Amino acid sequence: MQMTYGVKDRPKTGRLLLFSLQQLLAILAATIAVPMIVGNGMQPSAALFGAGVGTIVYQLLTKFKSPVFLGSSFAFLGSMGAAFAGGVSMSLGYLGLIVGAVFAGLVYVIIAVIVKFAGVKWIDKLMPAVVIGPTVAIIGLSLAGNAVKDLVSSGFYGYAQQAANGGYIMNTTAWLCLLCGIVTLAVTVVCSVYGKKMLKMIPFIIGMLSGYALAAVFTGFGYIEGAEAMRIINFETFGTLGQASAWYPDFSFLTAFNIHGGGYGNANIGAYIGSIAVAYIPVAFVVFAEHLADHKNISSIIETDLLKDPGLHRTLLGDGIGSVAGAFFGGCPNTTYGESVGCVAISRNASVVTIFVTACMAILSAFLAPFTLFLASIPKCVMGGVCIALYGFIAVSGLKMIQKVDLNENRNLFTVCVILIAGVGGMVLNIGKVTLTSVACALILGILTNLMVNVKNNEKAQGAESETAQTDGIDAVVDESINGNAEAAATVDTVNSVSAKDQRSE
């Protein structure tokens with residue numbers, strides 16, 4: 001895909017700020033959703049701050065070569081819940097969030113060291129395009145349900161109700177939300193396809209502003225007429241501006257280190273840390289698989305193999321240590337975001353400077369209550385309209401990876417089939433405190449299937465390599481013999497030449 005701005009390019013200041021705002025809007029909903037789901041006093045603004053810090057750490061360790069933003073990871077939701085299990089004190093729970101992220105980060109560091117010395121060729125053999133392509137597609141498809149659910153929901157006043165058959169019950173609020181979401185999507189598509197210059201590069205901003213404006217109109221009429229069904233935006237959240245606590249984030253480390261957390265109580269710290277390790281470490285291996293898929297995806301979009309430059313070991317270090325930094329401030333381990341990758345693909349802007357400025361915006365916005373509250377007031381239906389395009393681009397970019405794969409070959413066909421059905425079917429396995437996501441399950445099954453159907457091909461390849469080595473050895477002997485004969489012939493010619501001269505002299 002041809003980028004308008006490459007990785008090393010720097011857009012002009014005005015455009016740079018717009019592109020960065022667009023990236024921030026793309027990752028916003030998911031980043032602040034994680035602390036809201038976990039609860040226990042976790043603040044979205046602190047998570048946003050942690051995501052910004054984690055992204056800067058990632059960019060530093062990847063030498064500013066990977067245009068990806070890090071946000072709160074949904075994969076660790078169960079692990080984060082385990083940190084507060086058993087009625088532990090608030091301070092100990094927050095300490096568990098930080099310690100757990102450290103455990104997960106250490107897994108990444110260990111894998112990075114292994115990759116540094118073993119290289120990445122084994123990854124290409126284990127996960128060729130026939131495996132990684134449909135897996136990337138599953139990342140987008142597995143989020144499709146969330147986008148559709150958001151499309152008919154205001155979020156602040158609850159999600160649309162579902163009937164027994166899984167369909168959504170379309171009441172007045174659901175219909176108005178659907179209209180706002182469709183307008184958001186339509187404006188985004190029109191700007192991206194028919195827009196000129198800047199409109200073509202910031203379709204998300206224009207689309208979201210259009211959807212938000214329509215939702216604000218409906219909400220205004222709702223307040224005037226006293227009709228709650230028309231209130232899509234929760235403007236009441238802006239009433240917290242007068243509270244002092246709304247002007248700064250309540251960082252995780254403040255509570256974890258007893259600055260105002262109330263102590264650890266009588267808990268057995270050793271046993272508690274052990275339970276945290278069990279909850280976090282296995283999940284880190286699951287997220288590692290998604291890390292590979294995300295970086296394969298962004299590599300195909302920007303046409304630069306990030307697993308080789310800056311290298312998988314660097315992206316792993318950046319992701320792992322960035323995750324620890326995110327949890328230290330916001331409690332949420334970070335991970336590379338598919339929404340960010342989709343934004344790069346649609347806007348055709350791979351500038352790392354844009355990602356860096358986005359991270360700075362996230363950090364600053366955590367201290368700007370009006371801006372944070374405005375972002376938080378964006379209704380689910382508007383985000384749903386945007387996410388239909390974002391998640392769709394992720395899915396399509398994965399399918400593009402298998403364009404050159406021969407699906408007439410049954411071994412390739414079965415591998416792709418297994419991955420798609422396992423992923424789309426929502427194969428999520430809960431094993432104790434570990435949750436294998438649909439992406440992880442699909443990838444594992446895909447790898448096993450690909451290995452199984454290619455056993456004979458691998459044996460033939462090894463045989464071919466052996467024959468090639470033998471042939472090379474024989475060729476070397478023949479060449480040596482020929483060279484030896486040539487040298488002998490040259491010696492005979494020299495002797496004959498000398499003899500001839502001697503005869504003439506006589």
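The figures here come from the full heavy-atom set of this structure, side chains too, leaving out hydrogens, waters and symmetry mates. Note that the numbering runs from 1 along the sequence shown for the chain. Not measured: the values here are computed from a predicted model.
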Open item on the list: Let's go through Leu413 and Cys417 carefully: what are the C-alpha distance in whole Å and the side-chain angles of both, what is the deciding distance for side-chain contact (heavy atoms from CB on, under 4.5 Å) to 0.1 Å, and is it a yes or a no?
Closed with: CA-CA 6 Å; Leu413 185 61; Cys417 287; 4.1 Å; yes
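- No option in Val324, Asp319, Ile321 other than Ile321 meets the side-chain contact (heavy atoms from CB on, under 4.5 Å) test with Val57.
- To the nearest 0.5 angstrom, Thr31 atom OG1 is 3.5 Å from Tyr337 atom OH.
- The backbone N or O of Gly331 sits less than 3.5 Å from a side-chain atom of Ser252, completing a donor-acceptor pair.
- Inspection of the Ser66 and Gln59 side chains reveals no N or O donor paired with an N or O acceptor under 3.5 Å.
- Residue Leu25 is tested with Ile378, Val382, Ile202, Leu209 for a side-chain contact (heavy atoms from CB on, under 4.5 Å); the sole match is Ile378.
- Residues Val131 and Pro134 fail the side-chain proximity criterion, which asks for heavy atoms closer than 4.5 Å.
- In this structure a side-chain-to-backbone donor-acceptor pair under 3.5 Å is present from Thr219 to Ala215.
- Side-chain atoms of Thr358 come within 3.5 Å of backbone N or O of Ser20 as a donor-acceptor pair.
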TODO: Carefully, step by step, assess Met230 and Tyr223 under the rule side-chain contact (heavy atoms from CB on, under 4.5 Å).
DONE: CA-CA 8 Å; Met230 297 183 68; Tyr223 278 106; over 6 Å; no
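- A side-chain contact (heavy atoms from CB on, under 4.5 Å) with Phe218 holds for exactly one of Thr173, Ile233, Leu179; it is Leu179.
- From Lys8, atom NZ reaches atom OG1 of Thr304 across 9.5 Å, with rounding to the nearest 0.5 Å.
- Counting only distance, with no hydrogens or angles, the side chain of Ser192 and the backbone of Val189 share no donor-acceptor pair below 3.5 Å.
- Between Ser299 and Leu307, the shortest heavy-atom contact is OG-N, 4.5 Å.
- No donor-acceptor distance shorter than 3.5 angstrom exists from the side chain of Lys380 to the backbone of Ser154, with no hydrogens or angles considered.
- Using a 4.5 Å heavy-atom cutoff, the side chains of Tyr391 and Glu339 are in contact.
- Remark: Phe204 pairs with no residue by the ring-ring contact (aromatic ring centres under 6.0 Å, His included) rule, at least two apart or across chains.
- Side chains of Met361 and Leu17 form a contact here, defined as non-hydrogen atoms less than 4.5 Å apart.
- With sequence neighbours left out, Lys65 forms a salt bridge (charged side-chain N to carboxylate O under 4.0 Å, His left out) with Asp309.
- Checked by atom type and distance alone, the side chain of Asn334 pairs as donor or acceptor with a backbone atom of Gly50 at under 3.5 Å.
- Residues Thr354 and Asn349 have side chains that bring a donor and an acceptor to within less than 3.5 angstrom of each other.
- Once rounded to the nearest 0.5 Å, the distance linking OG1 of Thr135 with CD1 of Ile447 reads 7.5 Å.
- With rounding to the nearest 0.5 Å, the separation of CD in Gln161 from CG in Asn171 is 7.0 Å.
- A side-chain donor-acceptor contact under 3.5 Å links Tyr5 and Arg15.
- Contact of the Cys387 side chain with the Asn146 side chain is not registered, since no non-hydrogen atoms from C-beta on lie closer than 4.5 Å.
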TODO: Start with the C-alpha distance between Asp294 and Val68, add both sets of side-chain angles, then the distance that settles side-chain contact (heavy atoms from CB on, under 4.5 Å), and finish with yes or no.
DONE: CA-CA 9 Å; Asp294 280 337; Val68 179; over 6 Å; no
- [ ] Start with the C-alpha distance between Asn450 and Met127, add both sets of side-chain angles, then the distance that settles side-chain contact (heavy atoms from CB on, under 4.5 Å), and finish with yes or no.
- [x] CA-CA 9 Å; Asn450 186 60; Met127 289 179 283; over 6 Å; no
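- Between Phe84 and Tyr94, the ring center distance clears the sub-6.0 Å criterion.
- Between Phe328 and Phe253, the ring planes lie parallel to each other; the angle is under 30°, not in the 30° to 60° tilted range.
- Across every non-hydrogen atom of Leu151 and Gly384, the tightest pair is CD1-C, 4.0 Å.
- Once rounded to the nearest 0.5 Å, the distance linking CD1 of Ile355 with OG1 of Thr62 reads 10.5 Å.
- Using modelled atom types, no side-chain atom of Arg10 and backbone atom of Val353 make a donor-acceptor pair closer than 3.5 Å.
- Side-chain atoms of Asp406 do not come within 3.5 Å of backbone N or O of Lys404 as any donor-acceptor pair.
- Between Cys332 and Ala47 the shortest heavy-atom distance is SG-CB, 4.2 Å.
- Annotation: Phe69 is not in aromatic contact with Tyr58 [ring centroid separation under 6.0 Å not met].
- Side-chain contact check for Val115 versus Val120: some heavy-atom pair is nearer than 4.5 Å.
- Between the OG1 atom in Thr449 and the CD1 atom in Ile444 there is a gap of 11.5 Å [rounded to 0.5 Å].
- When side chains are defined from C-beta on, Ser300 does not count as touching Lys400, because their heavy atoms never get closer than 4.5 Å.
- Contact record, Ile402 with Ala129: CG2-O, 3.4 Å, taken as the closest heavy-atom pair.
- Across Cys177 and Ser153, no two heavy atoms sit closer than the pair SG-C, 3.5 Å.
- Looking at Thr336 and His291, their side chains never bring a donor and an acceptor atom within 3.5 Å of each other.
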TODO: I would like to know whether Tyr212 and Ser377 meet side chain to side chain donor-acceptor pair (under 3.5 Å); could you show each step before the answer?
DONE: CA-CA 9 Å; Tyr212 191 95; Ser377 72; 2.9 Å; yes
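- Between Leu390 and Leu143 the shortest side-chain heavy-atom distance does not fall below 4.5 Å.
- The two residues Ser73 and Thr335 make their nearest non-hydrogen contact at CB-CG2, 3.6 Å.
- Put simply, the side chain of Arg348 never gets that close to the backbone of Thr4: no donor and acceptor are under 3.5 Å apart.
- The number of heavy atoms from other shown groups lying within 6.0 Å of CZ (Phe414) does not exceed 12.
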